[in-house]
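The structure under discussion appears below in the form of structure tokens.
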Number of protein chains: 2
Amino acid sequence: MSYLNTQNHSNTVLKVLNSALVLFVEKGFFNTSIPDLVKHSGVSTGSIYHAFQDKQAIAETLMSALLQQIEREQLQILNQHGRCKARFYALSKWMIDTAEEHPHVMQFILTARHKEFMPDLKPICSSQPFITLRNVIHQGMLEGSVQEMDLMVAAASSYGGILRLIQLGLDGMLERPLNTYLDEITQVCWKSIAIDQTIGK
Amino acid sequence: MSYLNTQNHSNTVLKVLNSALVLFVEKGFFNTSIPDLVKHSGVSTGSIYHAFQDKQAIAETLMSALLQQIEREQLQILNQHGRCKARFYALSKWMIDTAEEHPHVMQFILTARHKEFMPDLKPICSSQPFITLRNVIHQGMLEGSVQEMDLMVAAASSYGGILRLIQLGLDGMLERPLNTYLDEITQVCWKSIAIDQTIGK
DNA sequence: GTCTATAGTACGATAGAC
DNA sequence: GTCTATCGTACTATAGAC
């Protein structure tokens with residue numbers, strides 16, 4: 001199933017964005033030509049340029065749409081869990097599930113060299129979804145469940161492990177499916193910033 | 001100072017490789033044209049194509065040279081420290097120092113979309129330097145200083161935090177210089193996989 | 001809004017003098 | 001080995017019919 005929502009975009013735009021997601025991740029932005037997009041999406045050159053100003057605008061729209069969708073899903077998770085540790089586990093599970101169900105999405109967000117084709121864009125880690133991840137850790141410090149330390153250090157250590165494992169999974173370096181590592185990785189990542197030594201469930 | 005060793009390569013090759021490192025990281029592989037390389041390196045088109053088969057070969061040679069140099073530096077560190085924890089700390093310090101002194105090197109290794117322009121290359125995390133990092137963690141399990149767990153999970157959790165913080169630093173998301181975070185980040189990253197709760201130095 | 005056909009350009013790579 | 005000049009190509013983007 002497509003990850004992108006059908007609400008904000010026309011059918012043509014959506015077809016192009018979905019093809020762009022696949023092709024940009026698999027071949028790279030610069031190795032994907034407009035003719036490639038035409039073939040993969042079934043939309044003609046003219047229609048593509050009617051819907052988007054240029055090739056770069058396709059990437060920008062795609063990025064923006066993905067980040068919006070991710071924000072929406074994060075908010076749902078935050079609504080279901082109140083405390084830092086529960087939120088951290090739920091967000092980690094969601095990241096790992098997304099990496100398995102929509103590997104292209106995760107790959108595009110995590111490893112696409114956005115700077116290379118969107119030079120004006122701020123680094124991905126300054127986008128709202130990453131701010132939300134950090135805010136949860138900050139909440140933990142206020143709650144007393146996370147050790148007082150530099151927020152960037154805490155965020156890097158906790159989510160860094162999750163994201164690194166996801167990257168290893170996307171690169172085909174893991175023997176088992178990603179989700180089978182969920183419990184183990186979230187436990188050790190949480191342990192790195194938890195305030196006490198009782199790790200029990 | 002240049003990161004690359006002058007032993008294996010001629011002066012012309014070295015000039016091109018150094019320019020390629022800078023330009024590939026700052027503008028990206030596909031946004032760097034041969035004329036760009038000519039301007040930046042002072043070497044003419046003809047000489048570049050005399051030294052390298054094509055543009056991709058420049059990237060491949062660069063990657064190979066960097067990995068070799070990194071391997072050499074890692075071996076030095078392993079020779080200076082015997083136990084897992086000491087090696088982990090020293091390797092982490094070395095990664096952070098390298099990121100500060102040679103940001104282009106770190107950026108090229110960590111974030112360059114190698115797959116995009118070197119489709120045949122294995123993922124970077126299967127290269128020898130990354131294997132060495134994992135081996136050190138494995139050694140820790142045998143020694144009894146690191147908890148028994150899946151090796152990939154342990155490596156992701158421990159080095160993932162370090163690498164994530166380095167990425168944040170390279171992206172300009174940190175307030176202070178990277179090396180000022182060294183003690184804090186290595187401590188929490190080690191804590192995530194350490195076997196007992198005594199974290200003291 | 002959608003399409004085909006094509007203009008214009010910039011690039012990778014080569015030829016060939018020195 | 002190094003250089004300049006240039007070829008051929010493949011791309012992005014546009015023009016204009018429907």
Side-chain angles (χ1 to χ4, degrees), chain A residues 4 6-63 65 112-121, chain B residues 4 6-63 65 112-121:
Chain A
L4 291 170
T6 77
Q7 286 190 324
N8 296 327
H9 299 289
S10 74
N11 211 294
T12 301
V13 168
L14 226 63
K15 274 194 271 187
V16 174
L17 289 181
N18 276 317
S19 293
L21 176 62
V22 174
L23 293 174
F24 288 175
V25 167
E26 291 186 355
K27 311 181 25 157
F29 178 79
F30 289 102
N31 284 329
T32 301
S33 65
I34 301 295
D36 286 338
L37 277 170
V38 170
K39 248 176 279 175
H40 192 277
S41 67
V43 177
S44 70
T45 310
S47 293
I48 290 178
Y49 277 97
H50 181 80
F52 301 93
Q53 209 191 4
D54 53 20
K55 191 182 167 187
Q56 186 174 315
I58 301 175
E60 284 165 1
T61 308
L62 176 60
M63 174 65 98
R113 298 265 25 229
H114 314 108
K115 209 182 89 184
E116 196 163 324
F117 52 88
M118 295 184 281
D120 300 338
L121 196 80
Chain B
L4 290 170
T6 77
Q7 286 189 325
N8 296 329
H9 299 290
S10 75
N11 211 293
T12 301
V13 169
L14 226 63
K15 274 195 271 188
V16 175
L17 288 181
N18 276 317
S19 294
L21 176 62
V22 174
L23 293 174
F24 288 175
V25 168
E26 290 184 358
K27 312 181 23 157
F29 177 80
F30 290 102
N31 283 330
T32 301
S33 64
I34 301 294
D36 287 339
L37 277 171
V38 170
K39 247 177 278 175
H40 192 277
S41 67
V43 177
S44 71
T45 310
S47 293
I48 290 179
Y49 276 96
H50 181 79
F52 300 93
Q53 207 191 6
D54 53 21
K55 191 182 168 188
Q56 185 174 315
I58 301 175
E60 283 166 2
T61 307
L62 176 60
M63 174 64 97
R113 297 265 28 228
H114 315 109
K115 208 182 88 184
E116 195 162 327
F117 53 89
M118 295 184 280
D120 300 335
L121 196 78

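All chains are named by letter (A, B, ...) in the order of the sequence lines, taking the proteins before the strands, and each is independently numbered beginning at 1.
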Ignoring backbone atoms, establish whether [X] has a side-chain N or O less than 4.0 Å from OP1 or OP2 of [N].
X     : N     : result
B:H50 : D:dT2 : no
B:T45 : D:dT4 : no
B:S44 : D:dT2 : no

Problem - 5' priority, DNA chain D, between A:G46 and A:F29 [closest heavy atom] - result: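 Counting from the 5' end, the first nearest nucleotide belongs to A:F29.
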Separation of atom [atom1] in [X] from atom [atom2] in [N], rounded to whole Å:
X     : N      : atom1 : atom2 : answer
A:D36 : D:dA10 : CG    : P     : 12 Å
B:D54 : D:dT9  : CG    : P     : 18 Å
B:Q53 : C:dT14 : CD    : P     : 8 Å
A:I58 : D:dA13 : CD1   : C1'   : 11 Å
B:I34 : D:dT6  : CD1   : C1'   : 16 Å
A:F52 : D:dT14 : CZ    : P     : 15 Å
A:K55 : D:dA10 : NZ    : P     : 15 Å
A:L37 : D:dA10 : CG    : P     : 18 Å

Exercise for the section: Give one of base, sugar-phosphate or nothing for B:S10, where a contact means two heavy atoms less than 4.0 Å apart. Expected result: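 No contact at all - B:S10 keeps every heavy atom at 4.0 Å or more from the nucleic acid.
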Practice task
Take B:Y49 and A:S47, find for each the nucleotide of DNA chain C with the closest heavy atom, and name the residue whose nucleotide sits nearer the 5' end.
Solution key: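 Mapping each residue to its closest nucleotide by heavy atoms, the 5'-most match is A:S47.
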Does a side-chain heavy-atom distance below 4.5 Å link [X] with [Y]?
X     : Y     : result
A:L4  : A:L21 : no
A:F52 : A:L62 : no
B:K55 : B:I34 : yes

Practice task
Take the C1' atoms of the five end pairs on each side of the helix from C:dG1-D:dC18 to C:dC18-D:dG1, derive the two axes, and give their angle rounded to 10 degrees.
Solution key: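 That helix gives 0° between its end axes.
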Practice task
Specify whether A:F117 and A:F29 have parallel, tilted or perpendicular ring planes, treating 30° as the upper limit for parallel and 60° as the lower limit for perpendicular.
Solution key: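 The arrangement is parallel - the two ring planes meet at less than 30°.
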Handout entry: Approximate separation, where rounding is to 0.5 Å, of B:D36 CG and B:E26 CD
Key =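 Separation between the atoms: 11.5 Å.
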Handout entry: Under 3.5 Å donor-acceptor, A:S41 side chain and A:S19 backbone
Key =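 Looks like no, no N/O pair under 3.5 Å.
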Practice task
Pick out which of A:V13, A:T12, A:N11, A:L37 makes a side-chain contact (heavy atoms from CB on, under 4.5 Å) with A:V43.
Solution key: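 The option that passes is A:T12.
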